[in-house]
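Heavy-atom basis, side chains included; hydrogens, waters and symmetry copies ignored.
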Amino acid sequence: MKKLILTAKERCLNYRVKLLEMSQRVSAIHLGGTFSSTEILDGVFNILMKKEERENFILSKGHCSALQYVILNDLKILSEEDLKRYSKSNGKLGVHPEIKNEGLNASTGSLGQGLSMAAGFALSNKKKNVYVVLSDGELQEGSTWEAVMAIRNLNLKNIIAIIDNNDLQSLERSSIATPSIYPIDKKFKNFGWDSKICDGHNTNEIVKTILDRNKMKPFCLVAKTIKGYPVSFMKNNPIWHYRSPSKNEFLIAMGELKK
């Protein structure tokens, strides 16, 4: 029997369904941020990143670790049993990634450190691309901008940073709390990076924009996303940074995803 090849849209649907199922076993899973990052991680893991480059992936946005676990499960690196024990006291997969587990290359979750780690990875082997996914909230951290400057000074052309720009932090919009980080793409260009903006919920556009980058510079993709996408009552609602859906909310969300 031929192996079924799924489209990006089908993969992302499956990932969101699995995340919703996981949410029914824990009190909080950061669904809003995991849903906004789904197409980003799908494009990186399933299309862009070669198998030998997986050891160079860093999820700086550590609070959406559940999404990375689901994708690693899809790639047969983590088991179904691992997912069932996510965030449990007897499970090995925590709310934030830990380097001790299969497929995870960095312990993250303390925001603002991932890009510096990526610089070290890129410096150690300039022949391999290093992919790092950041939240836009991390742009408030001085350590992020120190890394941006150091990466250009070291001419690390093999770094690809993707910012999940959902413009929504735990309590309010980034553009209201810290408007000076905008326009993000121009800030990176001023540090000597190549930078572009794209639709963060379109896997093909994400992939094409990254492939078309200027390979003589480090690259930053500003992926415009919606926190909680595509579930109607989750979109742009900061409460889904914290709590898991009730049984009724779960059923409504599943119904919307499977329309």
Subject >> From Leu115 atom CG to Ile58 atom CD1, the distance as rounded to the nearest 0.5 Å >> reply: 8.5 Å

Original post:
Are the side chain of Tyr69 and the backbone N or O of Gly94 linked by a donor-acceptor pair below 3.5 Å?
Top reply: yes

**OP:** Indicate, with yes or no, if Ile160 and Val130 share a hydrophobic cluster defined by side-chain heavy-atom contacts under 4.5 Å among Ile, Leu, Val, Met, Phe, Trp and Tyr.
**Re:** no

Original post:
Would a distance-only check, ignoring hydrogens and angles, find a side-chain to backbone donor-acceptor pair under 3.5 Å from Trp240 to Phe233?
Top reply: yes

Subject >> Heavy-atom closest pair, residues Gly43 and Thr203 >> reply: CA-CG2, 3.7 Å

Original post:
Taking the six-membered ring for Trp, are the ring centroids of Phe57 and Phe45 within less than 6.0 Å of each other?
Top reply: yes

Original post:
Under 3.5 Å, is there a donor-acceptor pair between the side chain of Lys187 and the main chain of Ser180?
Top reply: yes

Original post:
So does Glu21 pair up with Lys84, basic N to acidic O under 4.0 Å?
Top reply: no

Subject >> Shortest non-hydrogen contact from Lys217 toward Gly192 >> reply: CD-O, 3.4 Å

Original post:
Got a second to check how far Thr144's OG1 is from Leu111's CG, nearest 0.5 Å?
Top reply: 8.5 Å

Original post:
What is the minimum heavy-atom distance between Ile159 and Ala122, and which atoms define it?
Top reply: CG1-CB, 3.5 Å

**OP:** Could you tell me if the ring centre of Trp145 sits under 6.0 Å from that of Phe191?
**Re:** yes

**OP:** Please determine which of Asp74, Thr38, Asp42 meets the side-chain hydrogen bond (donor to acceptor under 3.5 Å, both in side chains) test together with Arg11.
**Re:** Asp42

**OP:** Group every Ile, Leu, Val, Met, Phe, Trp and Tyr by side-chain heavy-atom contacts under 4.5 Å, then state whether Val148 and Ile162 land in the same group.
**Re:** no

Original post:
Mind checking whether His30 and His96 have parallel, tilted or perpendicular rings, split at 30° and 60°?
Top reply: parallel

**OP:** Apply salt bridge (Lys or Arg N to Asp or Glu O under 4.0 Å) to the pair Glu205 and Lys196, showing each step before the final yes or no.
**Re:** CA-CA 11 Å; Glu205 187 175 330; Lys196 299 245 172 33; over 6 Å; no

Subject >> Sub-4.5 Å side-chain heavy-atom contact between Lys128 and Glu55 >> reply: yes

Original post:
Does Ser60 use its side chain to pair, donor to acceptor, with the backbone of Gly114 at less than 3.5 Å?
Top reply: yes

Subject >> Backbone of Leu78 reached by a side-chain donor or acceptor of Glu102 within 3.5 Å >> reply: no

Original post:
When rounded to the nearest 0.5 angstrom, what is the spacing between OG in Ser37 and CG in Asp164?
Top reply: 3.5 Å

Original post:
Are Arg243 and Glu249 close enough for a salt bridge, meaning some N to O gap below 4.0 Å?
Top reply: yes

Subject >> Polar side-chain atom of Asp167 near backbone of Ser175 as donor-acceptor pair, under 3.5 Å >> reply: yes

Subject >> Ser195 side-chain N/O to Lys189 backbone N/O, donor-acceptor pair under 3.5 Å >> reply: no

Subject >> Main-chain N/O of Asn166 paired to Asp136 side chain as donor or acceptor, under 3.5 Å >> reply: yes

Subject >> Over 12 foreign heavy atoms within 6.0 Å of NZ, Lys208 >> reply: no

Subject >> Spatial distance of atom NZ (Lys157) from atom CZ (Arg152) [nearest 0.5 Å] >> reply: 9.0 Å

**OP:** Give, for atom CG of Leu59 and atom CG of Asn105, the distance between the pair rounded to the nearest 0.5 Å.
**Re:** 10.5 Å

Original post:
What are the two closest non-hydrogen atoms of Ser23 and Leu31, and how far apart are they?
Top reply: CB-CD1, 4.1 Å

Original post:
So, are Asp194 and Arg213 salt-bridged, with charged N and O less than 4.0 Å apart?
Top reply: no

**OP:** Indicate if Tyr229 and Leu20 have the same hydrophobic cluster label, given that clusters are the connected sets of ILVMFWY residues with side-chain heavy-atom separations under 4.5 angstrom.
**Re:** no

Original post:
Cationic tip of Arg16 within the cone over Phe35's six-membered ring, i.e. under 6.0 Å and within 45° of the normal?
Top reply: yes

